[in-house]
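Chain identifiers are assigned alphabetically (A, B, ...) following the order of the sequence lines, protein sequences preceding nucleic acid strands; residue numbering begins at 1 within each chain.
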Amino acid sequence: MNSEKIRKTFLEFFKSKQHEIVPSAPMVVKNDPTLMFTNAGMNQFKDLFLGNSPIKHSRIADTQKCLRVSGKHNDLEEVGHDTYHHTMFEMLGNWSFGDYFKKEAIEWAWELLTEIYKIDKSRIYVTVFGGDKEDGLEPDNEAFEIWSSIVPKDRILYGSKKDNFWEMGDTGPCGPCSEVHVDIRDDDERKKVSGADLVNKDNPLVIEIWNLVFIEFNRLADGSLKQLPNKHVDTGMGFERLCMILQGTKSNYDTDVFQPYIQTISKLANKPYGKDVKVDIAMRVIADHLRAIAFAIADGELPSNNKAGYVIRRILRRAVRYGYTFLEFREPFVNKLVGVLVEQMGNQFTELAAQKDLIGKVIAEEENSFLKTLETGIHKFEKYVDSHPKDKLIDGKFAFELFDTYGFPIDLTCLMAKEKSLEVDMDGFHIAMEEQKNRSRAAATLDVEDWVVLKEFHEDTVFLGYETLEAEVNPVKYRKVKSKGKEFYQIVLDKTPFYAESGGQVGDRGVLVFGDEKIIVTDTQKENNLSVHIIEKIPTKWSAAKAKVDEKKRLLTENNHSATHLFHAALRKVLGDHVQQKGSLVDEQRLRFDFSHFSKMTDEEIAKVEDIVNDKIRENIFIDEHRDIALDKAKAMGAMSLFGEKYGDTVRVINFDKEFSSELCGGTHVNNTGRIGLFKIISEGAIAAGIRRVEAITGKAAEEYVNSKIKELEEVRQILKNPKETVKALEHLIEEHEAAKKQIELLQKEKMKSVAVELIAKVQNKNGINFLAEKFEISTQQAKDLAFEMKAKVESLFFVVGNVFEGKPGLTVIISDDLVKDKGLNAGNIIRELAKNIQGGGGGQPFFATAGGKDVGGLDKALMEAEKFLG
RNA sequence: GGGGAAUUAGCUCAGUUGGCUAGAGCGCUUGGCUGGCAGCCAAGAGGUCAUCGGUUCGAAUCCGUUAUUCUCCA
């Protein structure tokens, strides 16, 4: 059975059991401060488990693209070394929200695996939760009973809290789970050791494929467990492992999911797969990481230097590093695999096919920049080795500096050390690393207390902000958050006029009035589906409240948001349909829009886009808003949707002239475009390969901007005495200025030359030294020129220049090379002595030194004194 | 969120304890030579040493600010 069929079979099976099949949520998570990437199938249903959102379908199944690289589930360093861990993987899952529980979940799992997929029953082992004293939990005998009616008791094992009690995070929904393991060893191996002894022992051939979680508790911040009102089922089956079992291979990487990449890599590297362990690992790492990076980019997460973008960068670099070290790639290569990836997965995940060029380009750019980083690291390393010729051990601190500051991988440092018969002090490295970790941990304490519930409420907060900026509302729950010594509260309301930050539009500010007490709302944010108002203090007495949004800020923000839609549409008209939104920020001051496009926008293109947008503004188009339209229908109507954005079953469509601009959008907008007033682009630039960023302003801000530019130009024109052609006049002026500057420099040098000629006559020969000490009214730079001029003209010269410039005395000493060598004269030492006379200090090299001082009166004395150094 | 670094000619980068008349290679301009794969030789142009402020007689160099970028950790 090929992988595509396996996936389809799973979804059809659960459809036949009355499950709603939903699409995969984006792999990159937005609106959740605790999570950067989807790391389990249940992520997109978190709000359902927590009771923050109402349940629409009580039975759901899907395949979810997941990424596990950081946080609780961290598999990154394992990937590639074994045959069954991945960064990016698909998780097949079925869910019950307060519907069926253990019995159906277990029976259906068994039916699908043995009846449909026809896995050999004798190879299956299952585990159930064995209880935990600390949490006061009994063994899960219920699950044991259900299983024992299906499988022999000797293949049902009790497991520990670690393996059989599933938790979402430090707090949140959790419960006992039951895992299904399959033993795919050869028969003679199976005879020697029972599979039961190898379950959960990290044996690559006795593996967990399906985890059935029975969620019935909520873990609170104090560590205690609270029974949930409803019981849920949450299951997850690793798609790649399932393919391995059904295709009879011994490694996930030998299935049709990964083989196409490995074969292409093998061809590019000109090395076979399966002959050398290290080469094989490298190929697996690259095949795995390629998928993770490409999916992330397709979801709109570009490699960058912080947060989620940085995680993507690190994954890519890990792939390049393995290719560099073990496959001897010296040129970018990962990007060459994108074509195979699109062929392989483009059908199921259309976002890949649609953005093939962009993905390839971004990866190639990243590879190049990392190869450059490696080069700098090698440079630093060699410099270190050269300056420590006697050492046999490379300082751990230096190795850490290379790693920490220049991003040079530690294993490469070790490798290069080995080539020079050196060793790296790994203990020192690890100590430095530990210090770094402690520092970061100490700084990252975020203390979130449990919610205090004021009113039982399990619906989504009703958003009133499309119609009104003021409303009577009821508080539902609140909690205290401590971060970096600052304390604030988050509060949830049953309904609210406050817009919570999302879709690029910033959150509203305003006030909540409880009785006669005013509480300021500093921001409104979204945590998954929850609208959270940030307040600095809670009211002394809880009651219904009057919510008022800061109107000025909101209206200005709306101007910019609507302008963003017009701009997006105009961009596609001018540049083409390859333009995809890659990021957007809209606040009361400006709008920022990132989009895919492969070259700099020309001045003409920018002008044209501005023109179209301003035309549309003047057309005074009324907003055409559709709420609660089915997603399919909205797309069929031609509304633009974004890759990497999570949409519900029903969406909101915003049209400004539906032939021109139609977008799926939850944000707030102007009633008609005329209110925007004026649209003006103020900057255009690149932020990554293939991604451009434009910033623009609207309304009064745009007017003020244009006026200030005009005023500036007027001022320039006035200064230039109102010429006919301002630009030409200015160019001419600058040219003249440059020429004049050169001329002055030249003249000064000339002048010093002629001064030097006159001075030659004054030079006195004493003890074979041509000596002269004179005072001038010249600048320090001129004194320098004069000194060097004399040095070129007079042999065996010892020349002291005293100068006064801007009221300050200065001294310059120059000595011919032969005197420095033969007589041991040292200008640096001499000037230190002389400078005392002018209350200054100085220094330089043996043949040339300068000094400055404060006392002009001492200059003559200093010049007199110079003579005593003649010896 | 916390730490470490970088920013010098069009490009890639040197520049030691504060004082080298701010440098190298590549590129560019001009002239000359030369049938040979990055031709050779000579001359030359090109710099707000990221920014603003401070310390100092003197700052590319030391201290602080801002901006941008890199990098590690969370």
Side-chain angles (χ1 to χ4, degrees), chain A residues 33-34 36 69-72 74 303-311 313-314 317 366 369-370 372-377 379-380 383 387 397-410 429 432-446 482-486 685-688 738 741-742 745 748-749 752 779-792 801-814 817 826-829 831-832 834-856 858-859 862:
Chain A
T34 63
M36 288 195 287
V69 280
S70 59
K72 193 168 178 265
N74 188 347
S304 77
N305 63 353
N306 55 36
K307 300 273 168 67
Y310 187 58
V311 174
R313 176 171 278 177
R314 270 172 48 198
R317 289 183 171 197
E366 269 301 303
S369 91
F370 183 54
K372 222 156 104 185
T373 302
L374 289 183
E375 223 173 274
T376 338
H379 193 104
K380 295 258 170 213
K383 224 166 140 183
S387 60
K397 268 192 195 143
F398 172 72
F400 182 73
E401 190 194 326
L402 263 184
F403 168 76
D404 179 57
T405 306
Y406 300 99
F408 200 72
I410 184 66
F429 176 82
M433 184 69 141
E434 206 45 47
E435 279 169 14
Q436 151 103 318
K437 285 189 174 175
N438 289 336
R439 245 196 329 260
S440 287
R441 252 195 293 272
T445 49
L446 183 78
K482 265 189 244 172
S483 166
K484 292 184 71 192
K486 271 190 197 162
I687 54 163
E738 288 289 324
K741 235 168 64 180
K742 288 258 154 66
E745 215 173 283
Q748 267 181 356
K749 278 204 169 136
M752 286 310 118
S779 73
T780 315
Q781 182 60 44
Q782 283 175 308
K784 220 177 220 176
D785 287 340
L786 181 61
F788 277 85
E789 205 51 61
M790 287 294 283
K791 182 169 176 258
V801 182
N803 75 308
V804 180
F805 186 65
E806 289 173 349
K808 274 186 169 179
L811 287 165
T812 303
V813 173
I814 195 151
D817 301 341
N826 186 313
N829 295 338
I831 205 135
R832 264 185 278 276
L834 299 182
K836 284 177 188 163
N837 294 300
I838 55 170
Q839 292 183 25
Q845 311 90 65
F847 82 102
F848 176 78
T850 55
K854 294 169 185 165
D855 182 15
V856 181
L859 203 52

Open item on the list: Whole angstroms only, please: what is the CD-C1' distance between Gln436(A) and G2(B)?
Closed with: 8 Å

TODO: For Arg832(A), report the nucleic acid contact type (base, sugar-phosphate, nothing); a contact means any heavy atom under 4.0 Å.
DONE: nothing

Task: Arg313(A) side chain near C70(B) phosphate (N/O to OP1/OP2, under 4.0 Å) - done: yes

Task: Interatomic distance where CD belongs to Glu401(A) and P belongs to G3(B) [whole Å] - done: 17 Å

Task: Pair partner, U68(B) [Watson-Crick or wobble, under 3.5 Å] - done: A6(B)

TODO: Name the nucleic acid region contacted by Gly407(A), choosing base, sugar-phosphate or nothing; use a 4.0 angstrom heavy-atom cut-off, strictly under.
DONE: sugar-phosphate

- [ ] Under a 3.5 Å limit for both distances, which nucleotide forms a Watson-Crick or G-U wobble pair with G1(B), could you say?
- [x] C73(B)

Task: Rounded C1' spacing from A6(B) to U12(B) in Å - done: 15 Å

Open item on the list: Using the side-chain heavy atoms of Tyr406(A), tell me which of these nucleotides is nearest: C73(B), U21(B), A5(B).
Closed with: A5(B)

- [ ] For G35(B), measure the glycosidic angle (O4'-C1'-N9-C4 for a purine, O4'-C1'-N1-C2 for a pyrimidine) and name it syn if it falls within 90° of 0, otherwise anti.
- [x] syn

Task: Pairing nucleotide - U48(B), Watson-Crick or G-U, each distance under 3.5 Å - done: none

Open item on the list: When both hydrogen-bonding distances must be under 3.5 Å and the geometry is Watson-Crick or G-U wobble, what is C11(B) paired with, if anything?
Closed with: G25(B)

Open item on the list: From C-beta outward on Lys808(A), which listed nucleotide comes closest to its side chain: U21(B), A74(B), C57(B)?
Closed with: C57(B)

Open item on the list: Between Ala851(A) and Phe400(A), which residue's closest nucleotide on RNA chain B lies nearer the 5′ terminus?
Closed with: Ala851(A)

TODO: Could you pick out which residue, Lys854(A) or Ser369(A), lies toward the 5' side of RNA chain B when each is mapped onto its nearest nucleotide?
DONE: Lys854(A)

Open item on the list: Of the options G4(B), U21(B), C57(B), whose atoms approach the side-chain atoms of Thr405(A) most closely?
Closed with: G4(B)

Task: Base paired to U61(B) (Watson-Crick or G-U; both N/O distances under 3.5 angstrom) - done: none

